Structures are given as structure tokens and as C-alpha cells.
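Structure, as C-alpha cells:
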Amino acid sequence: RKEVEQDPGPFNVPEGATVAFNCTYSNSASQSFFWYRQDCRKEPKLLMSVYSSGNEDGRFTAQLNRASQYISLLIRDSKLSDSATYLCVVNPGDGSYQLTFGKGTKLSVIP
Amino acid sequence: EPEVTQTPSHQVTQMGQEVILRCVPISNHLYFYWYRQILGQKVEFLVSFYNNEISEKSEIFDDQFSVERPDGSNFTLKIRSTKLEDSAMYFCASSGGRVVPGELFFGEGSRLTVL
């Protein structure tokens with residue numbers, strides 16, 4: 001069974017803090033990896049794709065460890081607007097466009 | 001900014017009734033999807049649609065479900081005889097042609113409540 005596991009949180013952090021989320025996936029053949037953000041009762045929105053070499057987008061850094069089947073997201077200098085649920089998402093590859101979502105990690109940034 | 005639009009935003013129906021959820025994907029996108037999210041649970045894949053046919057479907061997408069692209073803009077999900085367990089938020093999504101699988105644009109969702 002293809003699963004994506006995340007720590008559900010919640011993570012309650014003060015503004016300006018650095019916070020890291022982790023995710024593991026069970027399908028070793030998975031090809032593409034993503035972090036999505038979901039605000040309460042809203043649709044998921046793509047935050048960033050995750051590349052083998054790691055990638056950074058402003059305050060957000062994503063890392064992929066294929067050997068350990070592990071993905072991470074680091075948020076630096078947290079803002080109140082970062083409060084949301086962060087979804088780890090995996091595509092199995094092999095021509096499939098299907099996505100497997102983790103249940104998400106909830107982040108609350110506190111003033 | 002182009003967006004995926006969905007109607008209705010909320011539908012309440014009686015068990016056994018047919019429901020049609022509608023979506024207008026982003027106009028130059030080629031791949032269309034339906035996902036659902038039961039309250040408090042993870043987002044789950046239902047079906048993908050490309051070139052006017054289903055390309056993949058999950059175990060959830062049984063004979064009670066169907067999808068259609070009746071014209072050049074709309075993409076619909078039909079549930080023939082709703083069950084209580086069909087209550088969920090249904091998200092439509094689309095993606096462009098030359099894109100990494102997984103970079104999807106989601107609509108705001110249609111909340112279905114089956115009584």
C-alpha cells in the first residue's frame with residue numbers, strides 16, 4: 001500500500017522562528033515530490049516541488065533523501081500568514097498522474 | 001490569475017439521490033482531476049481525465065461515479081446514488097500539458113453533505 005506519513009502536529013511556533021516538517025513515503029519507486037499548503041476548509045495550493053538536489057524558495061527550503069524515503073520542509077523566519085496545514089505529496093511516476101497525499105502537519109504561528 | 005472554478009460550493013442531498021458537481025478548469029490545461037477530502041482526513045485521488053477519456057481511477061471511483069467533459073470548458077463529476085459516506089469536499093484540479101505530474105491547480109471545492 002502506498003502511504004505518505006507526516007507528523008500531524010500541531011506545531012505552535014512564535015513569529016520569526018524556524019520550523020521543520022518531515023515526511024516519509026513507502027513507495028520506493030516514487031518519482032516526484034511536492035509540498036502543498038492547505039488553509040482551513042480551503043483547497044490545497046502548491047507550495048513547491050521537491051528536487052533531488054534540494055531547493056529553496058525564499059524562506060522555504062525542501063530536501064529529498066531517496067535512500068531514506070524522506071522529505072523535509074524548512075520554514076525560516078515564520079510569519080503569521082504561514083499558519084496552515086502543510087501537505088506532503090508524492091507521485092508514483094511510471095506515467096501516473098495520481099498523487100498520494102499525507103494527512104498534513106498543522107502549523108500555527110503565534111504573535 | 002487563471003483559476004479553476006467549481007459549482008456548487010455546497011450541496012445537501014438525500015441518500016440515494018444523484019448529484020452532479022461541476023468544474024471549469026483553467027482554459028489551456030489538458031489534464032483534469034477529481035479528488036475528495038472527508039472532513040479531518042487526507043485528500044484522496046478519485047480520477048484523472050485526459051484527451052476526453054479517463055486515464056486513471058482509484059478504488060473509490062466505482063460504478064456509482066462518472067466523469068464527463070460535455071463541452072470545451074466544463075468537467076463534471078456525477079454520483080448516481082449517493083451514500084452517507086460520500087459526504088466530503090470534492091476538489092477539481094487541472095494541470096497543463098508539459099508539466100511535472102503533481103503541479104496541480106485546485107478549485108475551491110464543492111462540499112457535499114448526504115443526509
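Here is the naming used below: chain letters follow the sequence lines, and residue numbers restart at 1 for every chain. Just so you know, these numbers come straight off a predicted model, no measurement behind them.
The contact between Glu108(B) and chain A is made by backbone and side chain atoms together, counting heavy-atom distances below 4.5 Å. For chain A, no part of Glu44(B) is nearby; none of its heavy atoms comes within less than 4.5 Å. For a residue to count as touching a neighbouring chain, one of its non-hydrogen atoms must lie under 4.5 Å from one of that chain's; by this rule Phe105(B) does not touch chain A. There is no contact between Phe33(A) and chain B, counting heavy-atom distances below 4.5 Å. Within the 4.5 angstrom heavy-atom criterion, no atom of Gln31(A) approaches chain B. With a 4.5 Å cut-off on non-hydrogen atoms, Leu39(B) touches chain A through its side chain but not through its backbone.
For the pairing with Tyr33(B), the side-chain hydrogen bond (donor to acceptor under 3.5 Å, both in side chains) check across Ser94(B), Ser48(B), Ser95(B) returns one residue only, Ser95(B). With Arg59(A) as the partner, the side-chain hydrogen bond (donor to acceptor under 3.5 Å, both in side chains) test is satisfied by one option alone out of Asp82(A), Thr18(A), Asp77(A): Asp82(A). Screening Phe106(B), Phe91(B), Tyr90(B) against Tyr35(B) for a ring pair (Phe, Tyr, Trp, His ring centres under 6.0 Å) leaves a single residue, Phe106(B).
Around CD of Glu59(B), the count of heavy atoms belonging to other residues, nucleotides or ligands within 6.0 Å does not exceed 12.
Summarising the geometry, atom CD1 belonging to Ile110(A) is positioned 9.5 Å from atom CG belonging to Leu80(A); distances are rounded to the nearest 0.5 Å.
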